Amino acid sequence: MIDIRQLREDPERVRASQRARGEDDGVVDAVLDADRRHRSGLSQFESLRAEQKSFGKKVAAAKGEEKQALLAEVKETAARVKELEAAKDEAAVERDRLLRSIGNVIIEGVPTGGEDDFVTLEEVGSPRDFAAEGFEPRDHLELGELLGAIDMSRGAKVSGSRFYYLTGPGARLELALMNLALDRARDAGFVQMQVPTLVTPETMAGAGFLDAHADEVYRLEADDLFLTGTSEVALAGFHADEILDLSAGPRRYTAMSTCYRREAGSYGKDTRGIIRVHQFQKVEMFVYCRPEDAETQHESLLKWERGMLDDLGLAYRVIDVAAGDLGGPAARKFDCEAWIPTQGAYRELTSTSNCTTYQARRLNTRERAESGTRMVATLNGTLATTRFLVALLETHQQADGSVTVPEVLRPYTGFDVLTPVG
RNA sequence: GGAGGCGUCGCCUAGUCUGGUCUAUGGCGCCCGCCUGCUAAGCGGGUUUGGGGCUACAACCCCAUCGAGGGUUCAAAUCCCUCCGCCUCCGCCA
């Protein structure tokens, strides 16, 4: 949720943000209107309520007939107070409903437009030239099956489409990747967490996943709980309704968790292999910081993400995601997309978002400021996910189907190469 | 799953039975000041959070806030209902 005060003081900035996102900017005036109605209703309610309260003291002091007379007089006031209260509450509900529909105000420099309007900030490394090497690359699933690392058909047998098993060296490789990421996060000062992956509707909504992403979320109806699609949800909820002390610097957390996504509306897309699946592992970074530190923290998250991709020997590009593709909470988002040889395309491996105070406002996470309290900023970023395996297998394959393990992962896998089985 | 107890403004705590003088008591901690070679002690004052009004974004005034949400009432921390959390005991269990 954006700050109503910012909207009052600088409505044009919010309108411009809405336009850049390709959203309706008329909602801004609708909010202002509801806000005015709420505030005038609030004044009316408060002054009459004050009158009623002072009357109550007279009633308490009075006796006998005098008391009866006062009671009769104030009864009408009480009824009127109730009406005024209902009216101002109604206006507030309308105001908040509209306010919640507005996405975060984008940071200056974010490209205008939709999914295809991103700006490439940098291309790192060059895609491997298999033609020059004289062999046709196998795709990650063919390799995975050849190496006894991925088993899609048994995943489908047990759980349906878009489920899979990682077997033997595949399971080992994924866990190696996660451990590398967790060690790096720890070395960078992140507090490591194990988090719930089932959360309440309040937490899910607070993190911002029940709006645009509502169809993407698994819901357990019997218990009214949601399976999270990222540990960002639990990490964002961790400090909900708290007042933090950030005087010693940002609070930074990392967690590996299983992530669950329905992938509704993506029928027929990425149906082969583990590019797009219902369940996967991910190591996430999450930062609570002062609003003025958010952009610096965002750069740091991007730096750590890039460090992983660099050291894993992947070719990738960094993009500045366009306003229309940010989602509600993010004010800016950088994606790192790795080159997938058999697709001849860059595909998202990591994503880091600066949510400024948007997420914190919904979750009511504040900090102690010089006078009073104020909202903190939250940021998140991916350090590793199961999808990395796609780029790793394809990029580091050899003509005979074996796959070289990047140096940095070897201490974790315990082997240097995956070799074809049987 | 069953029975009981508890939830008060950082922490502890009074108030709940018997609704109004609660503008929520006291202690600890913390902040400001006085006093004082320094520190401590002592003394005085302040110290929930959110919102609104008026404004210099001050001061001041008002409203809400006693786990959350409803209800009864002229009036609710206090009475009633629902929910949540914690504790104790019993039952069940990978």
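The structure presented is a predicted model; accordingly, all values stated were derived computationally and were not measured. Chain naming here is simple, since letters A, B, ... match the order of the sequence lines and numbering starts at 1 in each.
- Checking C89(B) for Watson-Crick or G-U wobble geometry (two distances, each under 3.5 Å) identifies G2(B) as its partner.
- Nearer to the 5' terminus of RNA chain B, by closest-nucleotide assignment, is the contact made by T373(A) (compared with the other of T373(A) and R49(A)).
- For R39(A), the side-chain atoms get nearest to G52(B) when compared with the rest of G52(B), C63(B), U49(B).
- Across A14(B) and G26(B), the matching C1' atoms stand 7 Å from one another, rounded to whole Å.
- Using C1' as the reference atom, A77(B) and U18(B) are 15 Å apart when rounded to the nearest Å.
- Judged by distance alone with a 3.5 Å cut-off, a donor-acceptor contact links the side chain of E46(A) to the base of G51(B).
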>> Under the criterion side-chain hydrogen bond (donor to acceptor under 3.5 Å, both in side chains), I'd like the reasoning laid out for E242(A) against T365(A): C-alpha separation, chi angles, the key distance, then a yes or no.
In response: CA-CA 5 Å; E242(A) 292 183 25; T365(A) 303; over 6 Å; no
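- When rounded to the nearest whole Å, the span between CG of N364(A) and C1' of G51(B) equals 13 Å.
- No side-chain donor-acceptor contact under 3.5 Å links Y412(A) to the backbone of L173(A).
- The distance between atom NE2 of H38(A) and atom P of G53(B), rounded to the nearest whole Å, is 10 Å.
- Here R95(A) lies out of heavy-atom contact (under 4.0 Å) with every strand.
- Across all strands shown, C30(B) forms a Watson-Crick or G-U wobble pair, both distances under 3.5 Å, with G46(B).
- Phosphate contact (OP1/OP2 of A64(B), side-chain N/O of K53(A), threshold under 4.0 Å): present.
- Under the Watson-Crick and G-U wobble criteria, each requiring two contacts below 3.5 Å, nucleotide U23(B) is left unpaired.
- Neither side chain, R162(A) nor H278(A), offers a donor N or O lying under 3.5 Å from an acceptor on the other.
- Going from atom CD of E51(A) over to atom P of G53(B) covers 20 Å, rounded to whole Å.
- Not one side-chain nitrogen or oxygen of R374(A) sits closer than 4.0 Å to the OP1 or OP2 atom of C57(B).
- Residue R5(A) places none of its side-chain N or O atoms closer than 4.0 Å to OP1 or OP2 of C57(B).
- Nucleotides C86(B) and A94(B) place their C1' atoms 26 Å apart, quoted to the nearest Å.
- A cation-pi contact, defined as under 6.0 Å to the ring centre and within 45° of the axis, is absent between R251(A) and Y288(A).
- Nucleic acid contact class of F45(A) (heavy atoms, under 4.0 Å, all strands): sugar-phosphate only.
- For U72(B), one of the phosphate oxygens OP1 or OP2 lies less than 4.0 angstrom from a side-chain nitrogen or oxygen of K82(A).
- Using cut-offs of 30° and 60° for the angle between ring planes, the F238(A) and Y253(A) rings count as perpendicular.
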